[in-house]
Each structure stands twice: as C-alpha cells, then as structure tokens.
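Report on the following structure.
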Amino acid sequence: MSEPFYITTAIAYPNGKPHIGHAYEAIATDAIARFQRLNGREVCFVTGTDEHGLKMDQTARGLGRETRDLADEMSSYFKQMCATLDISADHFCRTTADNHHKASQAIWKRLEANGDLYLDRYEGWYSVRDEAYYDEAELTEGEGGQKLSPQGTPVEWTVEESWFFRLSKYEKPLLDYYAANPEFIRPDSRKNETVKFVEGGLKDLSVSRTSFDWGVKVPGSENHVMYVWLDALTTYISAIGFPDDTEEWRKFWPASVHIIGKDIVRFHTVYWPAFLMSAGLPLPKMVFGHGFLLSRGEKMSKSLGNVVDPMELAELFGVDALRYFLLREVSFGQDGSYSPEAIVTRVNADLANSFGNLAQRTLSLVFKNCEGYLPAIHGHHPDDQALLELVGNAVSVQIPTHFEDLAMSQALEAWMQAVFACNAYVDVQAPWALKKTDPERMETVLATLFICIAQLAIAVQPFIPGSATKLLDQMGVPDDVRNYARAGSHWYSPLAEGGFQIAQPVGLFPRLELPAEEGAAA
RNA sequence: GGCGAAGUAGCUCAGCUGGUUAGAGCGGUGGAAUCAUAAUCCAUAGGUCGGGGGUUCAAGUCCCUCCUUCGCUACCA
C-alpha cells in the first residue's frame, strides 16, 4: 500500500481579494496533489483562510463593518478562486471555525503543559496609529527628537502583558533537525537563510495579544488572544481532525509538504516546528518556499497599479492556459515574470501549435480516413517503437521523477520534448500520403500516434485537468488507464476492437490573442 | 554592515558531484511539406558563459577579488 500524501497551501490572509500570487500557489499545489493521486497515493489537500489578527480587525473597522462579516465575504472570494481554477482541495479551512479554535486551544495547552509558556511583559516602541511595534533600529528621528516609525508615525515606549513561548529552548533541536533532514526546507537558498537565522540565536516569542480580541482566546487568560501565527499554523493539523484522534489525522499527519511563499518561510521552518516539538507532535517532512510572480519583472503593488486579478486572467485566457503558463514558465522555487504577451506566446506555442495541433491533425485523419474507428496495428516498424519508447519514457519516468522533485516546469519541458517527437514523426511518416500507397502502414502510424497522444494527455492531467479530460473523453480512453502506472498498459487494442468510434474532433486549445490595450499606463 | 542567491545566444532560461565542437524554447533567416488551429518538420543563426586573477592535464562548473541585481537580517500578516 502506498504512503498517504498530505499537502497544503499556506493559509491565505484575506484582508484583500486573492491576487495572482495566491492563484499561483494554489495551482502549483493542486498540480502536485493531482500528480500524487494519479501516482496512486491517497492524497489530502488542504487550503483555506487565516482570518484572525489585527489587520482584519482594522480593515473591517476602516470599512465600518463587522469583522466576522468581512471575513466571511473575503474568505468566500478565496473559495471561489479555488473553484474557478480547478483546485482539487479536499478541505477549505477557515481559522474562524469552531473546531479550529478548539484545536488552537488544545495545542496551546500542550505547549503550556510542556512548560514552554510564561506570562511576561512585552515592551517596545509602539505606534498607536500603525498599531504595531517597531524595533529601535527601524526608527527615525523627527523634528524635536520625536521618534518616528518607518511609516513616519509617532511611537512611544509601551508595555503590554503577553504570554511568551520559549523559542530559545528550541534553537539546538531545530538546528539538529535541519541537519538530520536536509530535505526539510527547500529550496536550498531558503534553508540557508533559515539555518543562519537560527544560528544567530532565538529569542522567546510573544504569542498573545491584549490590544485586540479578534482571535482565539487564550485558555485561562480570556483577555488575551493567541498570536495569529500560532493559530494560523495550527490549521494544518486542525484541518485533519486534531486534537481528536480521527482516521484522517492518523493517516495524514505529519504532512508531506507545506507549499508556501518565500516571505513566510520563517514561520513555517522555525516557529511551526518549534511549536510542534513542544506539543510532542511529529514535524512536517518538507516546507517548500516558492518564489513570487513579477509583472514584467517588477513587483506587483497597488501603488504601481500592476496588481493582477487571477479571475480576470482565467476569464481572458482560460483556466488551463493560465495554469499551464504558470507551471511551465516559472521554475518552481524561483521568482517568475508574468505578462499577457508571455502567456499568449507560451500557450500558443506549446498548447495550440504543438500539442493541440498534434491531437487535432491526428484525430482528423482517423476521423476522415478511418471513419472514426481506431485503426489496427499491422506489425511494428522501428520508427514506431522509437516513438513509443520516447513517449513512454517521458510519461512514466521523466515526468514523475521531476514531479517528485517538485520541478513542474521541468516535467512540462520533458512533456514538450515528447510532443515535438510526435510532430516530427507525423511529418516523416506522412500518413496522409500513405492513404493511397500503403493504407495498412497508415493505420499503424495513426494507431501509434493515437496511443502516444493519449499517454501525453494522461501525463499532463495535473497541469491542465479540464482540457486533458476533454481530450481523453474524445479519444475514449477508459478512466482506469488515466494514471501513470497504467498509461503504458495494453488498452488500445481492446478499445479499437470494442468498436469505439471518435466523433469529429474539436480543438481544445484555441490560439490566444493579445487583448487590445485598455488605457495607457500612468 | 553581516549572511545568502543570481549575472550564460536578441528575449526567457537549462547546464548535477569540473572533462569530447556551451544547450532548449521564443524570435530571426533559408528550405520542405500541405493531414492540421496559416499550425508542422528540417537546417541555420558564430554567445570572450558579468570584469580580473588563481588552482588544475582540463573550469560556465572550484578558490580569491571587483562590478551589478536581488533576498534574509524576528514578533504586520
């Protein structure tokens, strides 16, 4: 029996609508989850929203709304995004849910029972206007020696009662864990940062707040709410049942991998494992920090006006086109650049021209020259064998290997190489010419192509599930062979002999056009 | 300042533990073909692998230094 696979996205903070970064993370995580399912693993895929904390409260107040009400609305946008983008999450979790509060308090009690929590005072330079503490080093001096925050607001020395977590105690255990588990933090650059950070010494962490109440109440200290990260990270275990000893919990914890953005690596590779160690729970096997998407090489920000709405892109170019572009063009773990031109170019070249056209030209020949019946195979030619071998290797060796390494763009590169080989084969064999000279040979060629295209469609399912399924449906490929283990099995002849007939093929990957310019950039 | 990452063909990037003529896609150029979504296939385009120095029989691939860009340097998420 294969090992269960538990994967999560970060739990998004919904103080705004989802942006392209959220979509990217969800899509990448979804592709991995889908791959593992097709790879025969039992998968649990969790995503959701982290709705507590000061910012949500502030945002709501700024809008004159109930915080809970705003959270409901914002969270719904994230859920909607998942539906639109074909994200196959098993659970969409909200930190405001009752079971999550219960889980957060349970883990709190474990930390407390382990002697890692103590009540003290948090002191620092506090800006009332920003509602945030700042480090001495961040401050600037204004007129008359007034200390100012980086935002230019006045700060004053403030003392607040707070619970502290003995993070310092875990410095050594964490470093030992990193050393013993080299795959725990990926990519390596993130691991280096984390190790250096921890080696630099860990201070105890303030894990409760009294300045607002939008959060999980601290057990026994009702005027405190838990530090949002402690609460948010707990989602990864509350999602599958913790603190109850459920079947899902037993099966899926520890997580196989948390997929997160590079900006929150520390929370996942220092705080989270420390909390878990303290709670006596196993640690996730891997934390992967992906890169950011840049708009034409520049950071996206509201002030630059280059923030991209993923829903708009999906609508404009199609869900699968967007998914394909992001997974193909961006090397997972590194920053990537986005632009409408790049999407159009990439998707047209790979999906429309190469793969889509390959399927279309082949299926059209079968439809016209064989009346839609799947042609028989009349003996093996070395060229056929070579192509089948090449495609088979890409589908059952290269793509899975790259996926296991979370190298999705490389998996797609291998996939494209196989697509190129098929198009080259079509041109060399020229089945349209064989129709008159050697009809049997034509049938063998078309059958070979049919098999290859089906395998390629099976392999690409994690990336473009909607289109791949449509194509496989058109081709009559049985459900039980639509996975990596059985893609290369003997299904073609039974399907052909069963009298399956394809309909007039319908193109699945229309060529995209660049949308007309809408207003000049400022 | 400290630590780290990166700088490879016009563009976007591959190049693992050093080893035959430095690779791919897109774009460009020249052919072929016409089944197909004017899609495809073949050939090709002569990049001092950021600058300099060093180690080695041999370096894009290791070491030093300089330049440029970027990330991290804790309690806003």
Side-chain angles (χ1 to χ4, degrees), chain A residues 10-16 50-56 58 122 124 127 130-135 137 151 162 164-165 167 187-207 209 227-230 232 262-267 270-271 289 291-292 294 297 299 328-331 334-337 339 341-342 345-346 348-369 407 409-410 413 416-417 419-420 422-435 442 445-446 449 505-512:
Chain A
I11 307 304
Y13 200 71
N15 64 338
D50 162 24
E51 305 169 22
H52 294 311
L54 181 58
K55 265 197 181 158
M56 276 303 286
Q58 274 181 305
Y122 188 81
S127 160
D130 299 349
E131 299 202 46
Y133 282 94
Y134 293 101
D135 198 76
Q151 272 69 39
S162 171
F164 279 80
F165 172 71
L167 185 63
D188 280 348
S189 51
R190 301 297 154 209
K191 175 165 72 179
N192 293 340
E193 282 177 12
T194 304
V195 170
K196 291 292 174 192
F197 173 77
V198 176
E199 279 175 352
L202 293 176
K203 288 192 275 187
D204 287 350
L205 189 66
S206 160
V207 288
R209 299 292 135 90
Y227 175 45
V228 281
W229 270 107
L230 175 50
K262 64 180 183 180
D263 54 333
I264 54 175
V265 167
R266 168 162 321 127
F267 302 100
V270 180
Y271 302 166
F292 286 162
L294 308 173
K299 276 187 187 172
R328 174 67 188 90
E329 192 89 355
V330 182
S331 178
Q334 298 192 303
D335 288 352
S337 197
S339 71
E341 293 85 346
T345 302
R346 172 62 73 181
N348 281 348
D350 291 7
L351 292 183
N353 297 351
S354 293
F355 184 64
N357 188 232
L358 169 69
Q360 187 68 10
R361 67 200 300 209
T362 302
L363 296 184
S364 290
L365 285 167
V366 170
F367 181 73
K368 286 200 278 196
N369 295 355
S409 61
Q410 289 185 58
E413 196 175 331
M416 275 308 297
Q417 289 306 318
V419 172
F420 289 148
C422 288
N423 270 322
Y425 173 88
V426 180
D427 279 39
V428 170
Q429 303 300 327
W432 51 90
L434 292 168
K435 187 185 179 187
M442 178 198 75
V445 167
L446 292 181
L449 284 166
V506 179
L508 292 169
F509 306 99
R511 286 179 62 80
L512 302 180

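Within every chain, numbering begins at 1; the chains are lettered A, B, ... in the order of the sequence lines, protein sequences first and strands thereafter.
Residue His52(A) holds its NE2 atom at 14.5 Å from CZ of Arg209(A), rounded to the nearest 0.5 Å. From Leu54(A), atom CG reaches atom CG of Asn15(A) across 10.5 Å, with rounding to the nearest 0.5 Å. Taking CG of Leu351(A) as the start and CG of Leu512(A) as the end, the distance is 8.5 Å to the nearest 0.5 Å. Interatomic distance, Phe420(A) CZ to Ser354(A) OG, rounded to the nearest 0.5 Å: 4.5 Å.
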#### Entry: Heavy-atom protein contacts under 4.0 Å, nucleotides 28-40 of chain B, coded B base, S sugar-phosphate only, - none
-----SSBBB-SB
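Comparing G31(B) with A38(B), their P atoms are spaced 22 Å from each other, to the whole Å. Distance check on atom C1': C49(B) versus A14(B) gives 13 Å, rounded to whole Å. The separation of G25(B) from U40(B), taken at their C1' atoms, amounts to 16 Å, rounded to a whole angstrom. The gap from the C1' atom of U8(B) to that of C13(B) amounts to 9 Å, rounded to the nearest Å. Between G30(B) and G71(B), the distance separating the two P atoms is 43 Å to the nearest Å. For C11(B) and G27(B), the C1' atoms lie 7 Å apart once the distance is rounded to whole Å.
With sequence neighbours left out, Arg346(A) forms a side-chain contact (heavy atoms from CB on, under 4.5 Å) with Tyr324(A), Phe325(A), Arg328(A), Glu329(A), Asp350(A). Every residue meeting the salt bridge (charged side-chain N to carboxylate O under 4.0 Å, His left out) condition with Lys262(A), not counting sequence neighbours, appears here in chain and number order: Asp335(A). Take Thr362(A) and apply the side-chain hydrogen bond (donor to acceptor under 3.5 Å, both in side chains) test, not counting sequence neighbours, and it matches no residue. With sequence neighbours excluded, the residues satisfying ring pair (Phe, Tyr, Trp, His ring centres under 6.0 Å) with Tyr271(A) are Phe267(A). The side-chain contact (heavy atoms from CB on, under 4.5 Å) search around Val195(A) returns Leu175(A), Tyr178(A), Lys191(A), Glu199(A), not counting sequence neighbours. For Arg190(A), the salt bridge (charged side-chain N to carboxylate O under 4.0 Å, His left out) partners are Glu193(A), not counting sequence neighbours. Residues meeting the side-chain hydrogen bond (donor to acceptor under 3.5 Å, both in side chains) test with Tyr13(A), sequence neighbours left out: none.
Computed from coordinates, the Leu230(A) CG to A77(B) P distance equals 12 Å when rounded to whole Å. In this structure, Phe292(A) places its CZ atom 10 Å from C1' of G71(B), rounding to the nearest Å. In this structure, Leu358(A) atom CG and C41(B) atom C1' are separated by 12 Å, rounded to whole Å. A straight line from CG of Leu294(A) to C1' of U69(B) spans 12 Å, rounded to a whole angstrom.
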Polar pairs (N or O, both sides) under 3.5 Å between protein and nucleotides 12-16 of chain B?
| from | atom 1 | to | atom 2 | distance (Å) |
| --- | --- | --- | --- | --- |
| A14(B) | OP1 | Gln334(A) | OE1 | 2.7 |

Using atom names, set out every protein N or O paired with an N or O of nucleotides 1-3 of chain B below 3.5 Å, distance rounded to 0.1 Å.
none

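Residue pairs meeting the salt bridge (Lys or Arg N to Asp or Glu O under 4.0 Å) criterion with at least one member in residues 353-365 of chain A, sequence neighbours excluded: Arg361(A)-Asp427(A).
In this structure, Arg266(A) reaches the U73(B) phosphate: one of its side-chain N or O atoms is under 4.0 Å from OP1 or OP2.
The shortest distance between side-chain heavy atoms of Val207(A) and Ser162(A) does not fall below 4.5 Å.
Stem analysis of RNA chain B (Watson-Crick or G-U pairs, both distances under 3.5 Å, runs of at least three) returns B:1-7 with B:67-73, B:10-13 with B:23-26, B:28-32 with B:40-44, B:50-54 with B:62-66.
Residue Asp50(A) is classed as a sugar-phosphate contact, given heavy-atom separations below 4.0 Å to backbone atoms only. If you check every strand for non-hydrogen atoms under 4.0 Å, Gly291(A) touches nothing. No contact: Ile264(A) has no heavy atom under 4.0 Å from any strand. Contacts of Thr345(A) with the nucleic acid, taken as non-hydrogen atoms under 4.0 Å apart, involve only primed sugar atoms and P, OP1 or OP2.
Toward the 5′ end of RNA chain B lies the nearest nucleotide of Gln417(A), the other residue of the pair Gln417(A) and Tyr227(A) mapping further downstream. Toward the 5' end of RNA chain B, the nearer of the two residues Asp350(A) and Ser189(A), judged by each one's closest nucleotide, is Ser189(A).
A donor-acceptor pair is defined here as one N or O able to donate and one able to accept, closer than 3.5 Å; no such pair exists between the side chain of Asp50(A) and the backbone of Ala12(A).
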#### Entry: side-chain contact (heavy atoms from CB on, under 4.5 Å) between Val330(A) and Gln334(A), intermediate numbers included
CA-CA 7 Å; Val330(A) 182; Gln334(A) 298 192 303; 5.7 Å; no
